[in-house]
Number of protein chains: 2
Amino acid sequence: MLCTPNAYASDCPTRVVLDRVADKWTVLILGLLSRGPLRFNQLRRAIEGLSQKMLSQTLKGLQRDGLVARRIEATVPVTVEYRLTPLGRTLIDPVDALRIWAETHIDAVRAAQAAYDEAETA
Amino acid sequence: MLCTPNAYASDCPTRVVLDRVADKWTVLILGLLSRGPLRFNQLRRAIEGLSQKMLSQTLKGLQRDGLVARRIEATVPVTVEYRLTPLGRTLIDPVDALRIWAETHIDAVRAAQAAYDEAETA
DNA sequence: GACATCTGGTACCCATCAGAAACCAGGGGT
DNA sequence: ACCCCTGGTTTCTGATGGGTACCAGATGTC
């Protein structure tokens with residue numbers, strides 16, 4: 001490795017990884033896959049507002065980064081199953097923590113936003 | 001609150017918060033501020049590749065969400081100090097975990113990418 | 001006075017990207 | 001024949017991320 005991993009250096013590849021991992025759809029997809037393998041349309045239906053394109057694109061990126069494995073099942077119709085790899089499983093905790101933080105502190109954030117917007121307008 | 005916090009529902013405000021928190025610059029900025037207050041240009045210099053505009057924009061968002069407090073110091077020249085709020089401090093652990101994950105697993109990810117690209121080309 | 005430099009930003013422009021909708025392809029149901 | 005399911009890709013467009021230049025105010029310095 002050429003650089004000591006340091007997300008604050010722009011030339012460190014860590015930056016690229018952080019960009020993938022610190023992503024809304026990644027967090028939601030990994031959160032679901034942590035509970036077990038799912039098929040393409042199961043994921044799409046479970047995550048409201050996620051378009052086919054973004055799902056396909058995000059899954060492709062996750063596969064490339066070795067976090068998710070894709071397996072074609074010879075059923076009728078052919079189904080495609082996505083599951084976490086061992087590497088992907090090491091990411092469950094950080095990503096879950098983030099999602100849970102958002103769900104837990106949403107009230108505080110909304111209150112802060114309201115206060116901020118109030119001060120702005122006034 | 002109208003909805004049980006659920007990041008998987010598109011109409012839940014949690015989604016918006018997750019989008020802010022699951023952001024490359026947010027992760028890097030909060031990671032620095034967790035070690036103590038910093039001024040605008042200190043942050044800018046510490047995070048390579050972060051433009052003034054994105055820093056300004058991200059800090060404004062973090063203020064609105066009540067994660068970061070901005071304090072103007074009557075020094076010469078006037079300096080502006082950014083520090084985490086109590087709410088912001090609750091986010092340190094999740095966000096640090098994400099950054100540390102990226103720094104720790106960068107080798108594995110790079111290897112997976114190389115293998116994937118190899119298979120693609122072949 | 002003219003100029004550079006520090007502070008912390010804002011205005012403008014452009015390339016990229018996210019998202020919506022259409023389309024593709026193979027098979028099943030009626 | 002037609003519409004449904006499966007899992008995508010293509011196309012188009014509006015939003016947005018990000019770079020560059022610029023702004024304001026104070027200090028220094030030639």
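All chains are named by letter (A, B, ...) in the order of the sequence lines, taking the proteins before the strands, and each is independently numbered beginning at 1.
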Student: Which residue, Lys53(A) or Thr79(A), contacts DNA chain D at a nucleotide closer to its 5' end, judged by nearest heavy atom?
Tutor: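 The answer here is Thr79(A).
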Student: Does Ser51(B) place a side-chain N or O at less than 4.0 Å from the phosphate oxygens OP1/OP2 of dG19(D)?
Tutor: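 Yes.
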Student: Please compare Asp23(B) and Lys60(A) by the position of their nearest nucleotide in DNA chain D and report the one closer to 5'.
Tutor: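 By nearest-heavy-atom nucleotide position, the 5'-most residue is Lys60(A).
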Student: Please state how far atom CG in Leu59(A) lies from atom P in dG8(D), giving the value in whole angstrom units.
Tutor: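 The answer, rounded to whole Å, is 8 Å.
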Student: Heavy atoms within less than 4.0 Å of DNA chain D: which residues of residues 35-49 of chain B have one? Give them sorted by number.
Tutor: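 When residues 35-49 of chain B is checked for heavy atoms under 4.0 Å from DNA chain D, the hits, listed by number, are Gly49(B).
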Student: Using a 3.5 Å distance criterion without hydrogens, assess whether the side chain of Tyr8(B) forms a donor-acceptor pair with backbone atoms of Leu28(A).
Tutor: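 Such a contact is found between Tyr8(B) side chain and Leu28(A) backbone.
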Student: What is the distance from CZ of Arg71(B) to C1' of dT7(C), rounded to the nearest Å?
Tutor: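 Rounded to the whole Å, the gap is 17 Å.
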Student: Closest approach of Val27(A) and Val95(A), non-hydrogen atoms and distance?
Tutor: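 What the structure gives for the nearest pair is O-CG1, 3.5 Å.
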Student: Check whether any side-chain N or O of Glu103(B) sits under 3.5 Å from a backbone N or O of Thr14(A) as a donor-acceptor pair, and report yes or no.
Tutor: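 Side chain of Glu103(B) to backbone of Thr14(A), a donor-acceptor pair under 3.5 Å: no, none is there.
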Student: Examine dG19(C): is either OP1 or OP2 under 4.0 Å from a nitrogen or oxygen in the side chain of Trp25(A)? Give yes or no.
Tutor: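 It does, given that an N or O in the side chain of Trp25(A) lies less than 4.0 Å from OP1 or OP2 of dG19(C).
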Student: From the options Leu91(A), Thr90(A), Leu30(A), Leu67(A), select the one residue that forms a side-chain contact (heavy atoms from CB on, under 4.5 Å) with Leu84(A).
Tutor: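 Of Leu91(A), Thr90(A), Leu30(A), Leu67(A), side-chain contact (heavy atoms from CB on, under 4.5 Å) with Leu84(A) is met by Leu30(A) alone.
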Student: Rounded to whole Å, how long is the line connecting atom CD of Glu81(A) with atom C1' of dG8(D)?
Tutor: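 My rounded result for the distance is 17 Å.
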Student: Starting at atom CG of Leu55(B), determine the distance to atom P of dT10(C), rounded to an integer number of angstrom.
Tutor: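 Interatomic distance, CG of Leu55(B) to P of dT10(C): 11 Å.
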Student: What is the distance, to the nearest angstrom, from the NZ atom on Lys24(A) to the C1' atom on dT16(D)?
Tutor: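 Interatomic distance, NZ of Lys24(A) to C1' of dT16(D): 12 Å.
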Student: Nearest nucleotide by nearest heavy atom, which residue falls closer to the 5' end of DNA chain C, Met54(A) or Gln52(B)?
Tutor: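 Its nucleotide being nearer the 5' end, the pick is Gln52(B).
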Student: Would you call Asp107(B) and Arg110(B) a salt bridge, taking side-chain N to carboxylate O under 4.0 Å as the test?
Tutor: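 Result for this pair is no, no salt bridge flagged.
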Student: On the nucleotide dA18(C), are OP1 or OP2 found under 4.0 Å from the side-chain N or O atoms that Gln57(A) carries?
Tutor: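 Affirmative; the distance criterion is met.
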Student: Cluster question for you: counting only ILVMFWY and a side-chain heavy-atom cut-off of under 4.5 Å, with indirect links fine, are Val21(A) and Tyr116(B) together?
Tutor: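 No, Val21(A) and Tyr116(B) fall in different hydrophobic clusters.
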Student: What heavy-atom pair brings Leu32(A) and Leu43(A) nearest, and what distance separates the two atoms?
Tutor: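 Scanning both residues completely, I find the closest heavy atoms to be CD1-CD2, 3.9 Å.
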